[in-house]
Structure formats: structure tokens, C-alpha cells
Amino acid sequence: MIMLRPYQTESINKIAEKNGRLLVNAPCGSGKTFIALYLRKQYPGLKKVLIICPASVKLQWAEVIKETFPSDTVHIAKGAYKNEYAHNIINSDFVIINYDILFSRNAERSWTDMLKRAGFTLMVVDESHNLANKESNRSQCVHELAKEIKYRILLTATPITSNISGLWGQLHILDPLEFTSLNKFLNYFAPPDSQTIIAKSGKHVRDALKTFQPQLNKFLDYCTPPVPQTTIAKGGKCVRDRKPGAVKHLDELQGLIREYCYVISPDEVYKHLAGVQRINVPCVVESKRVSDMLSKLKRHSLSNSSDEKKAKELLASTRMELGKAKVDAGVAWIKDWLNGTDEKIVVFAYHRSVVELTAERLGNVAVKFYGGMSTTEKNNAVNAFVNNPDVRVIVMNMAACTGVDGLQLARACFYMENTSLASLYQQSEGRIRRTNSTYDAYFAYRLVADVLDPQILSVMNSRWEMTDAIMTGGEITTNGNDELEVIKRLQKGE
């Protein structure tokens, strides 16, 4: 029998208080799985449970369920839906399915079609930030399932990833009658700039007057700064991309969060662990290609939406080239670290090409892990890192580490690349800093080059503070949390 921590018990009570519909925002390793399962244990009426989660944690969910409810039946959904699976779905107490196959179908029906008719009483959505894009197939499927399942629990360490539109997607699942329209939600809590105009052709246009009146241009830039890039989705739908800092009516937004979310602070979860140490490991990058791209980026105009879009694309390309250029220096540091200890280390990168190059340079002591690999390949990599003493490094894509267990075996992690997305740091760091970690201390190492990385990390820290303030009811004291701010800082020489 697992002894629940106080915050886990409080979470269960809060879920009951909110009639079985709540988003639980808790750090990685805080035991969110046990919160959902012990809710079911406390309320036996929640007999039939659907678990929706990343593919990497389906087996972990199954193991914990079997330990908690040894007499109950568990079915793990795999691959494309087949009609013969219906019997297992209908007769299982727990069904576990990953996001990626929800919409897969045969000629007659999809997994979602079948699951809607299976009579579930409780739906648990693990890593619910995966529903940030309301237009995605996975989000549409989960929304359809939510209509048929009365009780819904969402679990995530990062409910706000890039902007608050992703938060709406999760709140909509909890209460679709209250959160009926994403546009209405954003227009109230993150209103777009009045100077942004969308042409019928789908092109990005920002106040044509600015083309002719430089003085007015300066005035509008000062008084009504443009929001991040406005895009046109397929089908003629308008999608406005807000940055986390573009928040209005903050008190009301935080009131909604208190109503629909239970926020567990990292301080509460990690209080028995040693403090966090983050150090910057500088290096000199000698790459003419990177230098040329940075020079071009520093000179790039940001006078209109089209310029901003091109600048972001150039920044993305520059970041990837910079990441590859840092590999040699990073690998040298990692090898020195390995020579000085018998411990293992997790290396995080942003781009797949950097993951592959780093693992190749490290040789047999390393395995790689990224989103394009099969589930079997991913499991083999993690198993080798955990169980093979000769494998001392796992090189991972930051976005692909969600739900991966076993990384807490390492005491340190090293960032070969940096990104302004704070949610990726929260997720990746959480994989190391777990409540059941082998070690009491946690260390994060970030490789920071002489160019670009300082600007990226500054914006990332600002975004981290911003999203924390929104979720915890704090005061927002920072702004400028998108890729354009990185470029502006670079152009100013900051």
C-alpha cells in the first residue's frame, strides 16, 4: 500500500470537491499517477477508467494499475483499431491508449468511435499539455471522448507551454459549456493588437499606413506594439499566436485557474531534495556559416509581419547550425566529466540532427532518443541507459522526453542546445529531479556560447517566470516572451 503525500491527498479531495473534473498541475515525479488511481480507489463507483497518455508511459501505467488493483483487468491499446478489439475494450476495467493512435481507424470505425461507446466513468489524460493545439487530431478525439465520459482528470507539469491558448484546450475538456470558444477566450484574456489586419488572400498585413509614414510607424511601435505572427490556418480559419506575456484581466484568469486547476508547487514536491545548481559552461564556436547567419539576423528588418516571419525562420536555421557547431566542445566537456566520475549523465538537445551527431561523437558509451524513433527503439535506449553499466550517456530530444522514466538514475544533465520554450526545460529537468531519485542532489549543465544562447536563456527565464505567475496567482513582472524578443536582444547587442 502506497502512503500518499499530503499534496496527493489534497489533490484527491479537490477533485471530489470539483465533482470529478480538475486539472492537476504538478512537477514531474510528484506522483500524479497515484493521485488518479487512488481517487478511483476512494470512489469505487468510478469502475471503468480510460487512460490517455504518451506511448512511452503506457507500460508504466499498466504496472502501477496492476499493483494498485490486482484483481482488475487492464487492456493496452496498440496500433490501428480492429473490430476484434471491441470485446477487450468493453470487458476491461482499465483501458490505456496513447494519443497517437486515437484517430487511427479501419473502414468502419476508429479507436475513438469504439471508446465513446465503451461506458467509461472516468477519463484520465496524462501529459495533457499535448492538447495545446485544438485543431490537432489528438485534441479533437479527446474532446469527442469527453462528451461521453462524466468524470475527467487532466495531469501535467506544464499546462501552459507556449501561450494560454493551450490552457483553453484543457479547460474546454473539463467544462465545454463554460469554455465554448477559443477566440472568445483569447480576445478577452489576450486581445490581439488592433493594428493587425488579415487580408482575404491569407497574407500577413500590418497597417498599410506604416509603409508610407515612418513617423507614424515609430509612434505605433511605441504605443501599440504588434503581437507575435498572425497566421492563417487551412480552411480559412484565423489563428492568432499570443505570447504568454500578452495577458489581460489577469485576476479573472487566475480565478478560473483556481476554479479548474489544482497547482502543486515544486517546493512542496522537492522539499526533501538538495537545492538545484545550474551552471553555464562557456565555449567558443568557430563557424563561418553561423557567423554569417548571425550577421544577417542582426541586420534583418522587423518592420512588418512578413519581415518578422522571415526573421523567425532565419533564427530557427541559425539555432540548428549553432547547435551542430557546439557539439565538438560539448562532447569534450562530457568526456571530461565521465572521466572524473562513475556516474551517468543525460544530454539534452533540441534538434534531431544535434542528437544524432552528439551520440555519434560519444560512441559506444551513449544511446540516443528522439521523437522519430519507434516505441521499441526508445524502450531499448532507456533500458540500455538504466541497466547497462557501459552505457553512461543518453542523448535526448528535449520535446521527446515527456513521460520517460529511469532518467533520475543520473545526477546531472547537460544541455547541448538552448530554447526559449520554458516548458521544455520544466519537462526535461523534471525527468532528472524526481521524488524517487537515486541521488539527493540535482545539477543542470547548460552549454552557453558567446552568441545567441544568452539571449535565448534570458527570454526562456522570463517565460518561465511568466507562466509560473499565471498558474500560481503571482504578479506578472516580465514580458517579451517570444522568438522576436530573442532577435531584438541580439540586434541590441544585449
Side-chain angles (χ1 to χ4, degrees), residues 6-8 10-28 30 32 35 125 127-132 134 152-193 227-228 240-270 420-423 425-427 430 459-482:
Y7 63 79
Q8 292 173 312
E10 291 172 10
S11 297
I12 294 172
N13 293 337
K14 185 71 172 180
I15 293 169
E17 177 187 329
K18 296 300 178 181
N19 298 315
R21 296 186 185 181
L22 194 71
L23 185 155
V24 179
N25 171 205
C28 300
S30 57
K32 295 187 288 293
I35 292 172
V125 183
E127 309 292 356
S128 61
H129 58 271
N130 284 291
L131 306 176
K134 83 180 189 73
R152 311 156 197 170
I153 309 303
L154 310 185
L155 308 173
T156 179
T158 52
I160 300 176
T161 51
S162 59
N163 56 56
I164 64 171
S165 64
L167 179 62
W168 178 89
Q170 296 166 84
L171 297 178
H172 175 67
I173 293 172
L174 296 176
D175 193 346
L177 297 180
E178 175 68 23
F179 301 95
T180 56
S181 168
L182 172 59
N183 282 337
K184 181 180 178 181
F185 180 82
L186 290 180
N187 285 337
Y188 189 73
F189 291 113
D193 184 0
V227 293
R240 299 184 188 275
D241 183 19
R242 273 80 164 182
K243 60 185 179 181
V247 175
K248 304 295 183 182
H249 306 107
L250 180 61
D251 289 344
E252 293 181 52
L253 177 61
Q254 291 173 333
L256 286 175
I257 289 171
R258 288 192 295 271
E259 178 71 18
Y260 290 94
C261 308
Y262 183 75
V263 182
I264 302 171
S265 73
D267 291 341
E268 173 65 18
V269 175
Y270 301 140
S420 61
L421 292 175
S423 59
Y425 284 98
Q426 292 169 311
Q427 286 287 337
V459 172
M460 184 281 294
N461 286 322
S462 176
R463 178 173 286 187
W464 193 322
E465 292 174 13
M466 181 84 65
T467 54
D468 277 356
I470 292 172
M471 291 304 302
T472 60
E475 179 182 357
I476 293 180
T477 58
T478 62
N479 54 34
N481 301 283
D482 65 350

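These values consider heavy atoms only, across backbone and side chains, with no hydrogens, waters or symmetry-generated copies.
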*Asks:* Among Pro159, Ser30, Ser11, which residue satisfies the side chain to side chain contact (heavy atoms under 4.5 Å, CB included) criterion with Asn25?
*Replies:*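 For Asn25, the side chain to side chain contact (heavy atoms under 4.5 Å, CB included) test succeeds with only one of Pro159, Ser30, Ser11, which is Pro159.
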*Asks:* Please name the pair of heavy atoms, one in Ile160 and one in Ser423, separated by the smallest distance, quoted to 0.1 Å.
*Replies:*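 Minimum heavy-atom separation between Ile160 and Ser423: O-CB, 4.2 Å.
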*Asks:* Measuring from Ile153:CD1 to Ile173:CD1, what's the distance to the nearest 0.5 Å?
*Replies:*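 Going from CD1 on Ile153 over to CD1 on Ile173, the span is 12.0 Å.
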*Asks:* Would you give the length of the straight line joining atom CD of Glu475 to atom CD1 of Ile470, rounded to the nearest 0.5 angstrom?
*Replies:*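 One gets 13.0 Å once the value is rounded to the nearest 0.5 Å.
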*Asks:* Can you tell me how far apart CG (Leu171) and CZ (Arg21) are? Round to the nearest 0.5 Å.
*Replies:*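 Answer rounded to 0.5 Å: 12.5 Å.
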*Asks:* For residues Val263 and Met471, report the shortest heavy-atom separation together with the two atoms involved.
*Replies:*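 Heavy-atom minimum between the residues: CG2-O, 3.5 Å.
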*Asks:* Give the C-alpha distance, both sets of side-chain angles, the deciding distance and a yes or no for side chain to side chain contact (heavy atoms under 4.5 Å, CB included) between Val125 and Asn130.
*Replies:* CA-CA 9 Å; Val125 183; Asn130 284 291; over 6 Å; no
*Asks:* If we ignore angles and hydrogens, is there a donor and acceptor under 3.5 Å between the side chains of Asp267 and Ser265?
*Replies:*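 No, no side-chain donor-acceptor pair sits under 3.5 Å.
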*Asks:* Given Phe189 and Trp168, is the side chain to side chain contact (heavy atoms under 4.5 Å, CB included) satisfied, shown in steps?
*Replies:* CA-CA 11 Å; Phe189 291 113; Trp168 178 89; over 6 Å; no
*Asks:* Between the side chains of His129 and Thr156, is a donor N or O closer than 3.5 angstrom to an acceptor N or O?
*Replies:*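 Short answer, yes.
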*Asks:* Work out which heavy atom in Pro266 is nearest to a heavy atom in Pro27; give both atom names and the distance.
*Replies:*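 Minimum heavy-atom separation between Pro266 and Pro27: CA-CG, 3.6 Å.
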*Asks:* Minimum heavy-atom separation for His172 to Phe179, with atom names?
*Replies:*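 Between these two residues, the closest heavy atoms are ND1-O, 2.6 Å.
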*Asks:* Report yes or no: does Thr467 contribute a side-chain atom to a donor-acceptor pair with the main-chain N or O of Trp464 at less than 3.5 Å?
*Replies:*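 Yes, because the side chain of Thr467 sits within donor-acceptor range (under 3.5 Å) of the backbone of Trp464.
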*Asks:* Going from SG on Cys261 to NZ on Lys18, what distance comes out if it is rounded to the nearest 0.5 angstrom?
*Replies:*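 Output value for this atom pair is 10.5 Å.
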*Asks:* If only atom types and distance count, is the side chain of Lys32 paired as donor or acceptor with the main-chain N or O of Leu154 below 3.5 Å?
*Replies:*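 Between the backbone of Leu154 and the side chain of Lys32 there is no qualifying donor-acceptor contact (under 3.5 Å).
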*Asks:* Compute whether any side-chain donor of one residue and acceptor of the other, for Gln170 and Tyr260, lie under 3.5 angstrom apart.
*Replies:*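 Side-chain D/A pair, Gln170 to Tyr260: absent.
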*Asks:* Are Ile15 and Tyr262 close enough, and set up right, to give a side chain to side chain contact (heavy atoms under 4.5 Å, CB included), and what steps lead you there?
*Replies:* CA-CA 8 Å; Ile15 293 169; Tyr262 183 75; over 6 Å; no
*Asks:* Could you check Asp468 against Gln426 for side chain to side chain contact (heavy atoms under 4.5 Å, CB included), going step by step and ending with a plain yes or no?
*Replies:* CA-CA 11 Å; Asp468 277 356; Gln426 292 169 311; 3.6 Å; yes
*Asks:* Find the distance between CD (Glu259) and CD (Glu178) and round it off to the nearest 0.5 Å.
*Replies:*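 Here the interatomic distance stands at 9.0 Å.
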*Asks:* Give, for atom CD of Gln8 and atom CG of Asn13, the distance between the pair rounded to the nearest 0.5 Å.
*Replies:*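 So the CD of Gln8 and the CG of Asn13 are separated by 12.0 Å.
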*Asks:* Answer yes or no: does atom NZ of Lys184 have more than 12 heavy-atom neighbours from other residues, nucleotides or ligands under 6.0 Å?
*Replies:*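 No, NZ of Lys184 has 12 or fewer neighbouring heavy atoms, counting only those of other groups under 6.0 Å.
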*Asks:* Any side-chain heavy-atom pair from Leu421 and Thr161 closer than 4.5 angstrom?
*Replies:*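 The answer is no; the side chains never approach within 4.5 Å.
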*Asks:* State, with a plain yes or no, whether a side-chain heavy atom of Leu22 is found less than 4.5 Å away from one of Leu174.
*Replies:*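 Leu22 does not reach Leu174 side chain to side chain.
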